[in-house]
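Reading through the structure tokens given below for one structure.
None of these values were measured; they are calculated from a predicted model.
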Amino acid sequence: MTSSGNRGSGSRPDPQRSNSGRPRRSLLSILATVVVLGLLLFTDPGRNLLDSLLGGNDGTSQTEDTQQSGQAPAPAKTEDEPQSGSQQADTSEPGAKEPADGRISATVDRTVDGDTFIANLEDGSRERVRMLLLDTPETKKEGTAVQPFGPEASEYTKKLLTGRTVELEFDEEQRDQYDRMLAYVYLDGKLVNERLLEQGLARVVVYRPNDKYVDEFREIQNEAKRKKIGVWSIEGYAGNRGFHPEAAE
């Protein structure tokens with residue numbers, strides 16, 4: 001009886017021994033799962049693999065593109081930005097540019113006669129400007145009749161300059177005794193003073209020390225004389241001492 005009892009008790013499994021391995025295997029499984037998730041979520045290869053599995057055929061994240069190129073992703077364009085390949089809109093005045101060295105910019109409001117006009121300067125001031133080194137026949141001088149070619153000179157200057165932006169260059173003296181601003185006047189890079197001389201609508205007159213371009217101006221005047229145009233078309237009308245209307249009678 002004793003022997004058979006011992007055999008029966010020895011054939012039963014030990015509950016403690018049979019269950020001792022189960023918690024250890026479960027813990028290892030949990031740790032392995034955590035490691036795999038960590039690799040997938042917190043490493044670039046893992047994220048790429050996860051993106052590939054979940055995102056379809058792309059397989060390349062924006063992070064990878066940025067690292068390969070060494071540049072940050074381009075920001076999204078707004079409606080105010082120019083489209084690719086287009087030029088930024090130019091809001092400046094057509095043809096406008098900075099004045100050349102030693103000159104100032106001005107806008108001609110109206111003309112007075114052939115050699116004088118009213119201008120608004122870039123600093124906001126308003127000036128009566130007299131062109132240097134030339135004289136046109138009178139049209140509005142008090143006590144003086146309208147002189148031959150005076151209206152033509154006035155009309156030429158009016159059409160040429162009214163509403164236009166010009167550049168003013170000064171000589172030794174900036175103003176005359178009448179407080180007029182004395183200047184060489186440039187339009188589109190060419191001296192208006194010279195244009196009047198070329199057309200035979202003015203004569204050279206010198207009030208020293210303002211004589212910077214007197215030699216060039218006299219050459220232009222001599223060419224107009226040779227052609228006998230404008231004021232030089234009337235013998236004895238224009239001279240060193242002014243205009244002589246009686247020569248036209």
Side-chain angles (χ1 to χ4, degrees), residues 100 102-103 106-119 127-249:
R103 305 178 193 171
T107 301
V108 178
D109 181 54
R110 63 180 179 86
T111 57
V112 177
D113 54 23
D115 53 34
T116 307
F117 57 87
I118 308 298
E127 295 283 354
R128 181 180 291 257
V129 182
R130 176 68 159 78
M131 294 189 220
L132 276 169
L133 283 180
L134 59 80
D135 180 35
T136 60
E138 299 292 346
T139 58
K140 296 182 179 180
K141 185 175 181 180
E142 186 176 353
T144 302
V146 174
Q147 298 176 338
F149 292 99
E152 289 85 346
S154 294
E155 187 65 17
Y156 181 84
T157 302
K158 179 181 179 180
K159 288 184 177 179
L160 189 65
L161 297 184
T162 302
R164 302 293 300 276
T165 297
V166 298
E167 294 178 10
L168 307 180
E169 179 186 357
F170 305 116
D171 208 323
E172 294 296 322
E173 297 175 340
Q174 188 169 329
R175 294 185 182 274
D176 65 8
Q177 59 181 330
Y178 306 108
D179 200 35
R180 295 178 299 186
M181 183 171 282
L182 304 175
Y184 302 105
V185 181
Y186 292 84
L187 177 66
D188 298 331
K190 184 173 177 60
L191 269 171
V192 177
N193 311 52
E194 290 183 346
R195 293 189 184 189
L196 285 161
L197 292 170
E198 288 170 353
Q199 299 296 319
L201 297 175
R203 69 183 184 92
V204 174
V205 59
V206 182
Y207 293 100
R208 301 189 187 280
N210 303 310
D211 58 359
K212 185 186 296 187
Y213 300 121
V214 64
D215 292 336
E216 294 90 327
F217 284 15
R218 280 177 174 158
E219 288 182 8
I220 297 171
Q221 175 177 270
N222 289 337
E223 181 64 17
K225 280 183 179 181
R226 187 186 67 79
K227 295 178 179 179
K228 295 183 178 181
I229 58 176
V231 298
W232 310 108
S233 64
I234 303 174
E235 187 70 27
Y237 172 54
N240 293 333
R241 295 181 179 275
F243 297 102
H244 307 281
E246 63 277 7
E249 296 176 356

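The environment of NZ in K190 is crowded: more than 12 heavy-atom neighbours from other residues, nucleotides or ligands sit within 6.0 Å. Around atom CD of E235, no more than 12 heavy atoms belonging to other residues, nucleotides or ligands sit under 6.0 Å away. Within a 6.0 Å sphere centred on CZ of R128, other residues, nucleotides and ligands contribute 12 heavy atoms or fewer. Taking a 6.0 Å sphere around NZ of K212, one finds it holds more than 12 heavy atoms contributed by other residues, nucleotides or ligands.
For the atom pair CD (Q147) and CD (E152), the distance works out to 12.0 Å, reported to the nearest 0.5 Å. Rounding to the nearest 0.5 angstrom, the gap separating the NZ atom in K227 from the CD atom in Q199 is 9.0 Å. For the atom pair NZ (K159) and OG1 (T111), the distance works out to 11.5 Å, reported to the nearest 0.5 Å. Separation of atoms CG (L187) and CZ (R195) is listed at 5.0 Å; rounding is to 0.5 Å. Interatomic distance, CG of D109 versus CG of L161, reported as 12.0 Å (0.5 Å rounding). Taking CG of L201 as the reference point, atom CD of E155 lies at 11.0 Å (rounded to 0.5 Å).
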Exercise. Applying side-chain contact (heavy atoms from CB on, under 4.5 Å), run through N210 and L133 and close with a yes or a no.
Key: CA-CA 8 Å; N210 303 310; L133 283 180; 5.7 Å; no
Quiz item: Going through the distances and angles, do E219 and E223 end up as a side-chain contact (heavy atoms from CB on, under 4.5 Å)?
Solution: CA-CA 6 Å; E219 288 182 8; E223 181 64 17; over 6 Å; no
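Pairing each heavy atom of S233 with each of K228, the nearest pair is CB-O, 3.4 Å. The two residues E198 and I229 come nearest to each other via the heavy atoms O-CD1, 3.1 Å. Taking both residues in full, the closest heavy atoms of S154 and G114 are given as OG-N, 3.4 Å, listed atom of the first, atom of the second, then distance. Contact record, L196 with T157: CD2-OG1, 3.7 Å, taken as the closest heavy-atom pair. The minimum heavy-atom distance linking V231 with P137 is given by the pair CG1-CG, 3.9 Å. Between A106 and L168, the shortest heavy-atom distance links the atoms CB-CD1, 4.0 Å.
At a threshold of 4.5 Å between non-hydrogen side-chain atoms, the residues Y186 and E169 count as touching. At least one side-chain heavy atom of R218 sits under 4.5 Å from a side-chain heavy atom of V206. M181 is listed as a side-chain neighbour of R175, based on a closest heavy-atom distance under 4.5 Å. Put simply, the side chain of L182 does not reach to within 4.5 Å of the side chain of D171, judged on heavy atoms.
Each ring-ring contact (aromatic ring centres under 6.0 Å, His included) pair with one or both residues in residues 128-182, not counting sequence neighbours, would appear here, but there are none. Residue pairs meeting the ring-ring contact (aromatic ring centres under 6.0 Å, His included) criterion with at least one partner in residues 187-232, sequence neighbours excluded, are Y184-Y213.
Checked for salt-bridge contact, D135 and R130 meet the test: a charged N lies under 4.0 Å from a carboxylate O. In summary, K141 and D113 do not engage in a salt bridge, as defined by a charged side-chain N under 4.0 Å from a carboxylate O.
Judged by distance alone, with hydrogens and angles left aside, the side-chain atoms of Q221 form no donor-acceptor pair with the main-chain N or O of R203 at under 3.5 Å. N193 contributes a side-chain N or O that, together with a main-chain N or O of L132, makes up a donor-acceptor pair within less than 3.5 Å.
A side-chain N or O of T136 and one of D115 form a donor-acceptor pair less than 3.5 Å apart.
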